[in-house]
Each structure stands twice: as C-alpha cells, then as structure tokens.
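Everything quoted here is computed from the prediction, not taken from an experiment. Labels below follow one simple rule: chain letters A, B, ... track the order of the sequence lines, proteins then strands, and each chain is numbered from 1.
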Amino acid sequence: MSEKNHNVSRRQFLTYTLTGVGGFMAAGMLMPMVRMAVDPVLDAAAEGDMNYLVEFDELGEEPIRRELTYEADDGWYESEQIETIYVYRDGDDVVALSAVCTHLGCTVSWEGSEDYPEMFYCPCHFGLYERDGTNVEGTPPTEPLHRYEYEIRDGAVYVGQSEPQ
Amino acid sequence: MLQRIYDWVDERMDITPLWRDIADHEVPEHVNPAHHFSAFIYCFGGLTFFVTVIQILSGMFLTMYYVPDIINAYESVYYLQSEVAFGAIVRAMHHWGASVVIVMMFLHTLRVFFTGAYKKPRELNWVVGVLIFFVMLGLGLTGYLLPWDMKAYFATVVALEIMETVPIIGESLRTLLQGGEIVGAQTLARFFAIHVFFLPGALLGLLAAHFIMIRRQGISGPL
Ligand code: FES
C-alpha cells in the first residue's frame, strides 16, 4: 500500500487487532463452557427400548388403562418413569394411546365423564378425544393423542416411543 | 451499528465517564514491558485476576452438572467428565486454574515484596492482598472435597484434624466446618455453600477494594 493510500489509521488498526485477538481469546475460553452447557440440546435423543405392556389376549375392543414403568437414563441417575397408556384391539391391529392430553399435559381417561360416553375426557379444560385418539373440534386440544409404536413378541405387546399421529 | 447504539445510550445517560474512569489511567514506563522487558513481572497481578475470571466462569458452568450430595456428587462429576461434550475440558480448566491462580498470586506477592510496593501509603492494600490470599486458599480447600472421591475425602479429614489442633477454639472450629459428627453429607453441603457462595462473595468484595486502592494510589514508583 502506498503512503498516500491509508484507509485505516494507526489507531483503528490497533483497535481492530486488539479486539480481534481479545475476542479470539475470549471465544477460546468460553467455547468449551458454552458447548458443555448446550450439550443436552445437541445430544441426539437415545433410541428407546421396547417395553412390555400387556398380553395380547387381554385386549378387547374396549380401551384398557395400563401403567408402563421403565428405567430412564437421567444423566448420572437411573430414574423410574411411569407413563399411562390406553390400549385396545382394532382387528389385528393394536392401538396404544398416550393418556397425556395434547393441550397442556393433564391425564385423560376413557369415559372419564358420564356426559361423554365412548370418549377420552380430560378434566382440566374439558378436552375430548374420539376412540381412535382424534381430538374433538371445539375443545382445547389441537392434535390427536399420541400413539405408541408397538411390537408383538410371544403373544405380548411391547411398546416403544409415543409419536404424534 | 454498535457505534450508533452506544451513541444513543450515551446521549441519554452519559456513560462515557463511567468507563473512561476505569480505562484511562497512566501506565508508567517502568511497568510497561514494551519499554523494559523485565517489567513483565508487573503482569502477575493482572494474570491472577484473569485466571480468577476463568475460575468463576468455569465454576458457574460446572454447577450445571454437579450436585453437592454424597450419593450423587461423584457420579455427577464422573458423568460431566466422561459423557458431556467438553466437560472434561471445562473441569480441567477449573482444576488447573485453581493451581495456576495460587502460583500467579505467589509471583505477584514476590513482585510486590521485592519492589517494596507494600510500603507507605500502600500498607492497607498489602493487608487486603493477604486476605485475598487466604480466601483463595479457602477456595482451594473447600473445592477439593467436592468431587467426593477418596483423595477428596481423606484430604478433608486431615485438614479438619489440623484445624482441631488450634488451641481453645479448635474443636468448635472443626465441628463448625464439618457440620456434623462425621465427615459426610453435611460436610459436603457446607463446603459446597462455602465454595460457591461465601468465599466468592468475600473474594469479589476484597478484589474491589484491592483495585479501588490501586486506582486511588497509583502504581508504585520504579526501584
Ligand atoms: S390439559 Fe387437557 S384440556 Fe387442557
């Protein structure tokens, strides 16, 4: 660069280099810490195991309530998780619905209200779902009850994760 | 962009004098390594502060995973060390920083001693500096127990034994720090509280006093 062509003053140059070097050092210091803090967000969710739920023969057309208990990895701790599931038979198919209301997470129950037979009822804000989990228009829930993937081994039903329908 | 945000705030709140007060001060020639390389000995105080900042930051992040409880403490440290991305690095920063801070502080103390910087009118700042030294040792002592492994446990047992040999108040001192009849759950909870709340609080206060005094009194003259 020629003498006359200074676009950057000495002072500016110093400011830039010092901020640059300082920023680089600060970033080097903070990067590991921030990466450690956000690890749970970046950690891919572990593939869930299939857990025993119920014998296939026990199932009928009527949804029955089952509690699924399993050990979940919680960092340095193994914690016991309980999920409530409604399960019934639909021809050869098994329908296993999560009892967690898709509105704000209360627990729904089959025929929980006498006014609404043959429906899942949520007592918190009177949410309603059809037998197959479809939410009823005009009640708070905005999506159907989540459904579990399942597998039949030796005449017993095993379920994995629940997914939105 | 940044400049305009700054100007906007400055126009309303006149913040320039705030940082000017902190940033603008004379750096005498005899403490500037660019003039005499040997002046690098004047950097140890600043380096101590720098490492202290790293300690505070890495410590804050470590408490995201650590739990001060005898059942889970070791497990949580093991988890953050082996499972969490960069956990080993952050813990290593805190681990090695703890030693580096003592070394830097010691070198800083030597510099102040041999340049006679503790003499009138700076006696009080020396006193505050020594208090900072003790707080740092306290942080080292209490932090040592937190991983709750064999080394931590027995080091603390010995430290408490030593405290007990203090005449008259020794026994009460030990019980106070131990928090119970044995070195156990209550000791760990106490040491954690002291390590992350009480001593850092004291440290920040003392550091503020240390720095305000330097600014009031200026850097001591050349030898
Ligand atoms: S939580 Fe079920 S309706 Fe609101």
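Around the CD atom of A:E114, the shell of radius 6.0 Å holds no more than 12 heavy atoms that belong to other residues, nucleotides or ligands. For CD of A:E137, the number of neighbouring non-hydrogen atoms (other residues, nucleotides, ligands) closer than 6.0 Å is 12 at most. Surrounding CZ of A:R10 are at most 12 heavy atoms belonging to other residues, nucleotides or ligands under 6.0 Å away. Environment of CZ in B:F106: sparse, with no more than 12 heavy atoms of neighbouring residues, nucleotides or ligands closer than 6.0 Å. More than 12 heavy atoms of other residues, nucleotides or ligands sit less than 6.0 Å from atom CD of A:E118. Enclosure of atom CZ in B:F49 is not indicated, since only 12 or fewer non-hydrogen atoms of other residues, nucleotides or ligands lie within 6.0 angstrom. For A:R11, the CZ atom counts as loosely surrounded, since its 6.0 Å shell holds 12 or fewer non-hydrogen atoms of other residues, nucleotides or ligands. Residue B:F133 places its CZ atom among more than 12 non-hydrogen atoms of other residues, nucleotides or ligands, all under 6.0 Å distant.
In terms of heavy-atom pairs under 4.5 Å with chain A, the best-connected choice from B:L80, B:V53, B:N72, B:I71 is B:N72.
Heavy atoms closer than 4.5 Å to chain A are found nowhere in B:M60, neither backbone nor side chain. Looking at B:I54, the atoms closer than 4.5 Å to chain A (heavy atoms on both sides) sit in the backbone and in the side chain alike. Looking at A:L30, the atoms closer than 4.5 Å to chain B (heavy atoms on both sides) all sit in the side chain, from C-beta outward. Residue contact with chain A, scored on non-hydrogen atoms closer than 4.5 Å, involves the side chain of B:Y79 exclusively. Interface remark: B:V67 contributes side-chain atoms only to the contact with chain A (heavy atom separation under 4.5 Å). B:Y78 does not touch chain A: none of its heavy atoms, backbone or side chain, sits under 4.5 Å away. Contacts between B:Y74 and chain A at a heavy-atom distance below 4.5 Å are absent for every atom of the residue.
Between the CG atom in A:D39 and the CE atom in B:M64 there is a gap of 11.5 Å [rounded to 0.5 Å]. Interatomic distance, B:L62 CG to A:M36 CE, rounded to the nearest 0.5 Å: 4.5 Å.
Contact annotation: the side chain of B:E83 never approaches that of A:W76 to less than 4.5 Å [non-hydrogen atoms, C-beta and beyond]. Between B:F61 and A:R35 there is no side-chain heavy-atom pair separated by less than 4.5 Å.
Here the shortest heavy-atom pairing between A:M29 and B:M93 reads O-CE, 3.6 Å.
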